[in-house]
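Everything quoted here is computed from the prediction, not taken from an experiment.
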Protein chains: 2
Amino acid sequence: MDSGFSHTQDKQPKTLADRVYTQLRAAILDGDLEPGSKISEPELAKTYGVSRSSLREAIAKLESSNLVERQANLGARVISLSNASLLEIYQVRESLEGLAARLAAQHMTTAELDNMHELLAHQRSFCKPIAEKKYQSLDFDFHSSIVLGSHNQRLIRILSRDLFELVHFYRRKFSGSGPRPDQALIEHSEIVAAITRRDGEMAEVMMRHHIRAAREHAKKSFTDDSSLTA
Amino acid sequence: MDSGFSHTQDKQPKTLADRVYTQLRAAILDGDLEPGSKISEPELAKTYGVSRSSLREAIAKLESSNLVERQANLGARVISLSNASLLEIYQVRESLEGLAARLAAQHMTTAELDNMHELLAHQRSFCKPIAEKKYQSLDFDFHSSIVLGSHNQRLIRILSRDLFELVHFYRRKFSGSGPRPDQALIEHSEIVAAITRRDGEMAEVMMRHHIRAAREHAKKSFTDDSSLTA
DNA sequence: ATTCGGAATATTGTCGACAATCCAAGGTTG
DNA sequence: CAACCTTGGATTGTCGACAATATTCCGAAT
C-alpha cells in the first residue's frame with residue numbers, strides 16, 4: 001500500500017495518460033515549459049507520441065494538480081506565479097503543516113519516528129556542501145515525513161496535491177534566494193525533538209514558526225531583487 | 001435558491017462535459033448515485049445523451065472535486081464515506097477556517113461585512129421553523145462569506161474544492177443528526193462580532209471553537225446510532 | 001462439490017476524424 | 001488612418017470505432 005505522496009513519487013504508469021502526466025509535470029517543474037505559456041494539444045501530442053485524447057486526460061490531471069489552468073475553448077496554460085500567490089501558499093502551509101506536526105506528535109509510529117530522525121541526520125550531514133538541488137529534496141522529504149505522520153488522509157491529500165506541487169514550482173524561480181539552510185536545520189531539530197517527546201502543542205508552534213520564518217525570508221528576498229523575477 | 005459560491009453555482013456550461021459534470025455532481029450530492037457505486041461510462045453516456053469522451057472529462061472533474069475515485073482499468077466509483085474520514089475533514093476545516101476567519105477580520109471590505117451581517121440576520125429569522133435544507137444552505141453561505149472574505153485565493157480554492165463539496169456530501173447522510181441550530185447561531189454571532197471589530201485573533205479562536213463543537217457533535221451523534229448509517 | 005483454468009463478454013483506454021469555436025490577416029468603409 | 005467586418009487558418013470540443021484490460025461464466029480436473 002503506497003500511502004505515500006502519489007503525486008511526487010513516480011509509480012510506474014499503468015496508462016499512457018499517466019505517463020504523459022508525469023512527463024509533463026516534470027517538464028513544467030524543470031522549467032522546460034515556461035510559466036504562462038500556452039499548451040498546444042496537437043504539438044505536445046506529437047512530441048510525446050500519443051493521441052490527443054491521452055494528452056487531454058494528462059492535462060486534466062495537471063489542472064487538478066494546480067499546475068495548469070484551462071479555459072473553455074481557449075486551451076490550457078502553465079500557471080504563472082505572482083509573489084502574492086506564493087505568500088498565500090505559505091499562509092496556508094503554516095496552518096496545515098502546523099496541524100500536521102501536532103497530529104504527527106500524537107500518531108507517529110516508532111518506525112516513522114526513526115525515519116524522520118534519519119532524514120534529519122541526512123540533512124545535517126549535507127548541510128555544509130550545499131548542493132542546492134539535493135538540499136531541497138531532503139527538505140521536502142523531511143516535511144513529507146511529518147505530514148505523512150499525521151495519519152490524516154485528507155490533510156495528506158491537500159498538502160501533497162495543492163501545496164507541495166506549487167512549492168516545487170516556485171522553488172526553481174527563487175532558487176537563488178537560498179533556503180537559509182543552517183537556521184532551517186536548527187528549526188527542524190527543534191520540531192523533531194518536540195514530536196519525539198510527543199509534545200503536540202510545541203511541535204505545532206515550532207512548525208508554524210519555521211514556516212513563517214521561511215515566508216518572511218521569501219518576502220524579503222523578492223522585495224529586494226524584484227527585478228530578477230522579470 | 002443557491003447563492004454565491006463559484007464552485008457550487010451553476011454557471012451556464014460552455015461545454016458539454018461541463019454540463020454533465022454539473023448534473024453528475026447534483027446526482028451524487030442528492031444521493032441518486034449511491035456512495036461506493038460504480039460509474040458505468042457507457043450507461044451514463046447514454047443516460048445523459050453524450051459521448052463517452054465528454055462523460056470521461058466530466059468524471060475527471062468529479063475526481064478533482066474529490067467526489068469520485070478512479071483506478072486504472074477499473075473505472076470510477078462514487079466515494080464512500082467513513083465516519084473517520086468525516087472527522088479528518090473537520091480537523092482540517094478547523095485549521096483552515098480558523099485561518100480564514102482571522103484573515104477575514106483583516107481584509108473584509110465593508111460591502112463584504114454587510115453581506116455577512118445580512119446572512120446572519122437571515123439565519124436568525126429562519127432559526128425556529130427549521131427547514132433543514134434551507135438551514136444548511138444558509139449555514140453554508142455564511143461560512144462561504146467568511147472564507148471569501150479572507151481574500152486568500154489559495155485558501156478559497158482548497159476549502160471550496162476539497163472540503164465544502166465533501167461536507168455537502170456527508171450532510172445528506174447525517175441529516176437526521178441535526179446541526180444544533182440555536183447553539184450554532186450564537187457561535188456565528190460571536191464570530192461576526194469579532195470580525196466586525198477587526199479582532200482577528202478572537203475571530204480565529206471562535207471559528208475554531210465553532211467547528212470543533214460541530215465535530216464533537218457529529219462524533220457523538222454517530223457513535224450512538226451507528227446502526228442508522230447502515 | 002469445490003477449485004482451477006479458459007473462453008466469452010463487458011468495460012476502460014486509445015486513436016483518428018469531424019464539428020464548433022477562437023484567432024489572425026487582410027480588405028473595406030467611414 | 002482607424003475601426004469594423006470578413007474570411008482563412010488553426011485549435012479545441014465531440015464523436016464513434018478499435019485495442020487492451022478486467023470480469024463473468026462455464027466446463028474440467030482433483
Side-chain angles (χ1 to χ4, degrees), chain A residues 1-2 6-7 10-28 32-80, chain B residues 7 10-25 27-28 32-80:
Chain A
M1 196 83 91
D2 72 317
S6 55
H7 291 267
D10 30 18
K11 52 189 176 187
Q12 80 269 13
K14 287 302 178 196
T15 171
L16 260 184
D18 241 326
R19 174 175 69 80
V20 175
Y21 164 74
T22 302
Q23 292 175 322
L24 269 177
R25 186 166 66 87
I28 292 176
D32 297 339
L33 288 173
E34 285 290 316
S37 67
K38 190 165 177 348
I39 291 187
S40 166
E41 293 183 3
E43 177 186 340
L44 288 184
K46 196 159 55 180
T47 300
Y48 291 105
V50 299
S51 136
R52 268 186 59 218
S53 310
S54 304
L55 186 89
R56 279 172 69 84
E57 194 146 344
I59 291 178
K61 262 189 158 179
L62 284 174
E63 189 186 17
S64 99
S65 301
N66 289 308
L67 289 179
V68 307
E69 288 176 338
R70 247 177 47 171
Q71 281 180 312
N73 294 318
L74 291 186
R77 314 189 82 89
V78 180
I79 61 164
S80 62
Chain B
H7 288 266
D10 29 25
K11 47 196 172 186
Q12 78 269 13
K14 287 304 178 196
T15 172
L16 261 183
D18 241 326
R19 175 176 68 81
V20 175
Y21 163 74
T22 302
Q23 292 176 324
L24 270 177
R25 187 166 67 86
I28 292 176
D32 296 341
L33 288 173
E34 285 290 315
S37 66
K38 189 165 180 341
I39 290 188
S40 166
E41 294 184 2
E43 177 186 340
L44 288 185
K46 196 160 56 179
T47 300
Y48 290 105
V50 298
S51 137
R52 267 186 59 219
S53 309
S54 304
L55 187 87
R56 278 172 69 85
E57 194 147 344
I59 292 179
K61 262 190 157 179
L62 285 174
E63 189 186 18
S64 99
S65 302
N66 289 307
L67 290 179
V68 308
E69 287 176 339
R70 248 176 46 171
Q71 282 180 311
N73 295 317
L74 291 184
R77 313 189 82 90
V78 180
I79 61 164
S80 63

Roughly, in whole Å, what's the span from [atom1] in [X] to [atom2] in [N]?
X	N	atom1	atom2	answer
L55(B)	dG13(D)	CG	P	16 Å
E43(B)	dT12(C)	CD	C1'	15 Å
Y21(B)	dG13(D)	OH	C1'	19 Å
Q71(B)	dT21(D)	CD	P	17 Å
R70(A)	dT12(D)	CZ	P	10 Å
R19(B)	dG13(D)	CZ	P	16 Å
N73(B)	dT12(C)	CG	C1'	6 Å

With sequence neighbours excluded, residues passing side-chain hydrogen bond (donor to acceptor under 3.5 Å, both in side chains) with [X]:
X	result
E34(B)	none
S54(A)	none
R56(A)	E41(A), E57(B)

*Below 4.5 Å, heavy atoms only, C-beta onward: do L55(A) and L24(A) meet side chain to side chain?*
yes
_Toward the 5' end of DNA chain C, by each residue's nearest nucleotide, A72(A) or L74(B)_ = L74(B)
Under 3.5 Å between N/O atoms: give me all the protein pairs with nucleotides 14-17 of chain D, atom names plus distance.
unit_1, atom_1, unit_2, atom_2, d
dT14(D), OP1, T15(B), OG1, 2.8
dT14(D), OP1, L16(B), N, 2.3
dT14(D), OP2, T15(B), OG1, 2.6
dC15(D), OP2, S51(B), N, 2.8
dC15(D), OP2, S54(B), OG, 3.0
dC15(D), N4, S53(B), OG, 3.3

Looking at residues at least two apart in the chain, or sitting in another chain, which of them share a side chain to side chain contact (heavy atoms under 4.5 Å, CB included) with [X]?
X	answer
A27(B)	D32(B), L33(B), Y48(B)
R77(A)	K38(A)
I79(B)	E69(B), L166(B), F169(B)
S80(A)	none

_Quick one: does any side-chain atom of S65(B) pair with a main-chain N or O of L67(B) as donor and acceptor, under 3.5 Å?_
no
*asked:* Using a strict heavy-atom distance below 4.0 Å, which residues from residues 33-42 of chain A are in contact with DNA chain D?
replied: K38(A), I39(A), E41(A), P42(A)
